[in-house]
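Input: a single structure, listed below in structure tokens.
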Amino acid sequence: MTRRVRLWILAVGGAGLAALLVAACLELPGFGGTSHPYGDRAVRASLARRTANTIASINFDQRAFDTLGEMSILFASVLGTVVLLRQTRDERRAKPEPAYVALPVRRYALIVLPVALLTGLYVIAHGQLSPGGGFQGGVVAATALHLLYLGADYRALERIRPVGLYEVGDALAASAYLVTGLAGLIGGAAFLANTLLPYGTFNTLSSGGTVPLLNAAIGMEVACAVVVLLARFLDQAVEIEQEGGT
Amino acid sequence: MSVLPYLVAVWIFLVGCYGIATSRNLIHAVGCLAVCQSATYVLLLAVGYRDGGTAPVFSDVKPGSRPVVDPVVQALALTDVVVGATVTALLLALVMQVSKRHGTVDPDELSELRG
Amino acid sequence: MNRRAALSGALEVLAWWAALMALWLVLISAPATLELVVGAAAALVGALAAGGARRAVSGR
Amino acid sequence: MDDPLIVVTLLLVAACATAAVAVRDPERQALVLAVLGTTLAVLFTVLQAPDVALSQLAVGSALTPLLLLLSVRKVRRRGRKKDKAR
Amino acid sequence: MNGWTVAATAALAGGVGATVWGVATGPLRRRVVAQNLSTSLACPSLLLLAQGYDRPSYVDPALVLALLGPVGTLVFARLLAEDLEKDPPKAPWLTYAASGFGAVVVLVLCVVGGPDRAMGKLLVTGALLVGGNLIASRALAGGIAGSRHG
């Protein structure tokens, strides 16, 4: 099974797949068409529950169970990464040396870190009003924390970021999402049903019933998950070395 | 040319598959997989587009005053972008393990190693 | 000595909190009471992170 | 399809995706993937999906490149040791 | 297709298109500068689109791009420091041109928008964009010395 034979099989298979896909594209309804049955119903349902951002209403209200699935995939992949990248017996942890970083770059990192953290929290908090939500805001907040590694060095980041706390935060947020769902069940309606809280006035922070709560839970979960993920990658790339000392 | 977005999505998908199949470095293959995933986002959002429509986010526009695009496909693409990133991280962790155990990340070299 | 250091640390966090609160007011569209409460909490988190970051970098 | 903006952004994304695959070195590919993330975010904004654009920006601009480069650094340091040992 | 979207199309086709070509070919130092430029050209385009589509809420993605774009370039400056040390990028005029373009776009939009709350967000985005762009190019040009463990 030489490389040349494999390339031939790839070429033939690829050409066949391309032909079928292009034929399918020609049958699709035209780009920019006006028939969007699900979209119109989703917008109507979101406005009925006074959630300004329809996409947040879909994610955390109409299809909250699907988002539960997405969150568990995210949790499982972070769990897998933590297990895979643990420090094995034949490895030792070397202390990271302080790196030279120019003063303006360091000052920029120290200034932008809180601004990015605040923007991340703003994106999470206004998830059900303006564009944004738990997923995006969580990643922005987590990336903000790692400005310390970019602006200074890994030792400074380790001093400010206790990984255990973020692992607990990750688990807590995931269970908060579940508890909010169970609360719907206990409240007499269905699991993750948005019938518990009043829908509030349109276009305000307290509108949309349980959407803001689920949004905040997902935001915290994604932020903690990304911090734990990057902590393991940074450990492997910067600190952990083979016994032979690479 | 109302079929261009679909053709671009198909092109990106095929280019990504070609990249994965002929890659000589597993980290490069994971990057090509990320390209394949972005093809699905382009297709999803192209399906949901409406001419002259705007985003169904009514924080700064009155509901019903302007035609809106389909929000359902946006909700699908949104969560998938973030989950795709963490799955990419899991794949990179696997590549690190392969590199640790077999000392190489070239898929051809890997297939010849036994045990 | 550490009382004065603690005082300057607290002053710095307060300064960061005020700056981040101003930024929050710029970001939001309408200053309702709930928005201000959430903004104050978020600004506090940001200010504590800023203080911690500066100490982590300087305390080599 | 009267909108040249959509055509320009689509071709930009297609070119950037092709470049991301054509570049074989992982470090240089991380650079092209970062630019691909930015062009995708612009395409999503043109297709009226600001939420997805925000999500792609948050993930594609800093997180994915950092993950790719850290794994390249880990794999390359192991490789250097292997060459020395040989 | 009002004036704003035409300007955005031109900025995207000319500017971001050139950066895509720049990041895919050539020496490493030019690719890194091209990546930095792609952020500092895409953010004003997003702002122009926000104005062209008459949707003030589209400024949020532009704000996050102005915030995280330079952070991405810092990631490259930090982790490619060893390779960049050999021939550091020395094309400051390109970066200044891009920051100038960004500043001009933000000022024009502020003038058009009038002194309301949205102008504050525009000014914050502009400040973050220009500041981040200059600091990132400073970091690329040798601001972060490569060290094995750092």
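Every chain is numbered from 1 and lettered A, B, ... according to where its sequence line falls, protein lines coming before strand lines.
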**OP:** Verify the neighbour count for atom CZ of Arg41(A): are there more than 12 heavy atoms of other residues, nucleotides or ligands below 6.0 Å?
**Re:** no
Subject >> Heavy-atom proximity to chain D below 4.5 Å, by part of Phe135(A) >> reply: neither
Original post:
For Leu57(D), is it the side chain, the backbone, both or neither that has a heavy atom under 4.5 Å from a heavy atom of chain A?
Top reply: neither
Original post:
Contact part of Leu69(D) toward chain A, heavy-atom cut-off under 4.5 Å: side chain, backbone, both or neither?
Top reply: neither
**OP:** Look at Ala142(A), Gly32(A), Gly132(A) and state which one has the largest set of heavy-atom pairs under 4.5 Å with chain D.
**Re:** Gly132(A)
**OP:** Determine which residues belonging to residues 76-85 of chain A lie within contact range of chain D, meaning some heavy atom pair is under 4.5 Å apart, and list them by number or answer 'none'.
**Re:** none
Original post:
Would Leu230(A) and Leu67(D) satisfy side-chain contact (heavy atoms from CB on, under 4.5 Å), going step by step from the backbone distance to the final call?
Top reply: CA-CA 7 Å; Leu230(A) 283 174; Leu67(D) 289 172; 3.7 Å; yes
Original post:
Rounded to the nearest 0.5 Å, how far does CG of Leu66(D) lie from CG of Leu234(A)?
Top reply: 6.0 Å
Original post:
What pair of heavy atoms forms the shortest contact from Ala58(D) to Thr143(A), and how long is it?
Top reply: O-OG1, 4.5 Å
Original post:
Within a strict 4.5 Å, meaning less than it, do heavy atoms of the Ile6(D) and Phe31(A) side chains meet?
Top reply: yes
**OP:** Look only at the side chain of Gln136(A) and the backbone of Asp51(D), and say whether a donor-acceptor pair between them is shorter than 3.5 Å.
**Re:** yes
